[in-house]
Amino acid sequence: MNDIIRMENVNFSYNNRETVLRNIDINVKKGTIFGLLGPSGAGKTTIIRLLTGQLRHDEENIKVFGNKPFGDDFYRKIGIVIDSIGLYGRLNCYENLRVVAKIHSVEQGRIDDVLKMVGLEEVAKREVYKLSSGMQQRLVIARAILHEPELLFLDEPTRGLDPGTAHDIQDLLIFLKKEGTTIFLTTHNMQEAEKMCDLIGFLFDGEMVESGTIASIKKKYDIRAYIQVIGNDGVKREYHQNRDKEAFLECIRNEAYCSIHTQEPSLESIFINLKEGKADVQDQKNREEDKCGLL
Ligand code: ADP
């Protein structure tokens with residue numbers, strides 16, 4: 001089975017009130033990293049809760065490992081890194097992991113290996129309350145991967161961390177992916193998504209407004225289509241791929257350049273444009289609702 005996660009046309013509301021997820025489709029294949037991007041309140045955590053069985057639902061269209069995401073066997077196969085840290089402050093790093101090792105019947109030797117993987121071997125005997133927030137996050141990740149889960153869920157794994165720690169965590173996740181782990185993460189960090197994700201989805205206001213590979217999304221939104229040329233005279237010029245075609249070709253024929261770059265939109269600019277587009281649609285909806293109210 002290749003699809004580790006499959007959501008098809010999923011809708012969800014808390015307590016039958018306002019719908020917070022609409023027509024969500026997500027497929028995540030084995031050994032890939034899927035990144036869910038979106039502003040606060042978009043519904044990212046709700047999706048993780050649904051996929052990890054923390055939110056019970058009757059949806060037949062949510063399958064993880066081909067089944068509904070519940071049951072002991074399921075929890076042996078997944079690791080979760082979410083907001084609520086839940087570490088034991090008075091226990092040291094090693095002891096925290098030993099508690100989890102017992103629950104999952106993991107050999108003690110694995111604890112040392114994992115502490116090393118996350119770069120905590122030198123503070124293994126330090127109590128958690130004395131650790132920096134970056135170290136605590138490393139320990140939370142250590143705890144989630146201790147039992148070698150096939151699938152790892154991470155809700156903003158590098159939020160609030162210094163760039164060095166964030167970089168180490170990203171590299172660790174890429175390493176785990178190479179070892180065959182499937183990873184589902186949410187992030188606000190576009191660079192993180194570019195570095196790590198095979199597929200991404202942009203979630204706004206409970207709707208997946210765009211999804212695919214980063215390259216395909218960039219190609220789709222590459223409406224600027226400018227080519228930047230630095231001439232032999234050192235001057236930077238921009239040619240529009242259609243409008244300035246002749247001038248650009250002339251420059252090439254004359255070999256009057258020392259470098260040529262195409263300018264593709266950054267993920268961040270796409271994110272902002274989509275967000276603003278969504279805001280426009282929302283404004284329009286509000287205006288129409290206002291009008292209806294007036295009639
Ligand atoms: P994100 O993770 O993208 O910030 P969430 O999934 O936390 O978004 O929230 C999506 C929407 O669902 C928000 O409007 C939020 O207020 C609402 N929500 C989240 N948790 C609950 C809950 N337990 N009960 C009712 N509404 C909730």
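Here the structure is a predicted model, which is why all the values come from computation and not from measurement. Atoms within each ligand, like the ligands themselves, are counted from 1 in listed order.
- Close contacts between ligand 1 and Ser40 involve ligand atoms 4 (O) [criterion: under 4.0 Å to a heavy atom].
- By the 4.5 Å heavy-atom criterion applied to side chains, Pro157 and Glu192 are counted as neighbours.
- Among the atoms of Lys44, some N or O lies under 3.5 angstrom from an N or O of ligand 1.
- Judged by the shortest distance from any of its heavy atoms, Gly206 lies outside the 4.0 Å radius around the atoms of ligand 1.
- Annotation: atom 9 (O) of ligand 1 to nearest protein heavy atom, Thr46 OG1, 3.9 Å.
- Within ligand 1, counting atoms from 1 as listed, the ones closer than 4.0 Å to a heavy atom of Pro39 are 3 (O).
- When hydrogens are left out, the protein atom nearest atom 8 (O) of ligand 1 is Gly43 N, 3.1 Å; that is the closest non-hydrogen contact.
- Looking only at atom types and distance, the side chain of Asp162 has a donor-acceptor partner in the side chain of Thr165 under 3.5 Å away.
- Atom 18 (N) of ligand 1 has its closest protein heavy atom at Tyr14 CE1, 3.4 Å.
- The protein heavy atom nearest to atom 2 (O) of ligand 1 is Thr45 OG1, 2.5 Å.
- Panel note: side chain Arg49, backbone Lys44; no donor-acceptor pair is recorded below 3.5 Å.
- Residue contacts with ligand 1: Gly38 is excluded, as none of its non-hydrogen atoms falls under 4.0 Å.
- Distance from atom 4 (O) of ligand 1 to its nearest protein heavy atom, with residue and atom name: Gly41 N, 2.7 Å.
- Residue-to-ligand polar distances keep Arg17 apart from ligand 1: every N/O pair is separated by 3.5 Å or more.
- Residue-ligand proximity, Ala42 to ligand 1, at heavy-atom distances under 4.0 Å covers atoms 1 (P), 3 (O), 8 (O).
- Distance alone, capped at 3.5 Å, is enough to place a donor-acceptor pair between the Asn96 side chain and the Tyr88 backbone.
- Between Glu156 and Leu185, the closest side-chain pair of non-hydrogen atoms is not below 4.5 Å.
- Remark: atom 15 (C) of ligand 1 lies closer than 4.0 Å to no protein heavy atom.
- Using bins of under 30°, 30° to 60° and over 60° for the plane-to-plane angle, the ring pair Phe271/Phe204 lands in the tilted bin.
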For side-chain hydrogen bond (donor to acceptor under 3.5 Å, both in side chains), just list the numbers for Gln54 and Thr52, CA-CA rounded to whole Å, side-chain angles, deciding distance to a tenth of an Å, and then say yes or no. CA-CA 6 Å; Gln54 294 173 79; Thr52 53; 2.6 Å; yes

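- Distance alone, capped at 3.5 Å, is enough to place a donor-acceptor pair between the Gln136 side chain and the Val128 backbone.
- For Arg49, every heavy-atom contact with ligand 1 shorter than 4.0 Å involves the side chain, none the backbone.
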Criterion side chain to side chain contact (heavy atoms under 4.5 Å, CB included) on Leu146 and His104, from CA distance to verdict: CA-CA 9 Å; Leu146 192 65; His104 286 297; over 6 Å; no

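- For ligand 1, none of its N or O atoms has an N or O atom of Val20 under 3.5 Å away.
- Screening Lys30, Lys177, Lys29 against Asp198 for a salt bridge (charged side-chain N to carboxylate O under 4.0 Å, His left out) leaves a single residue, Lys177.
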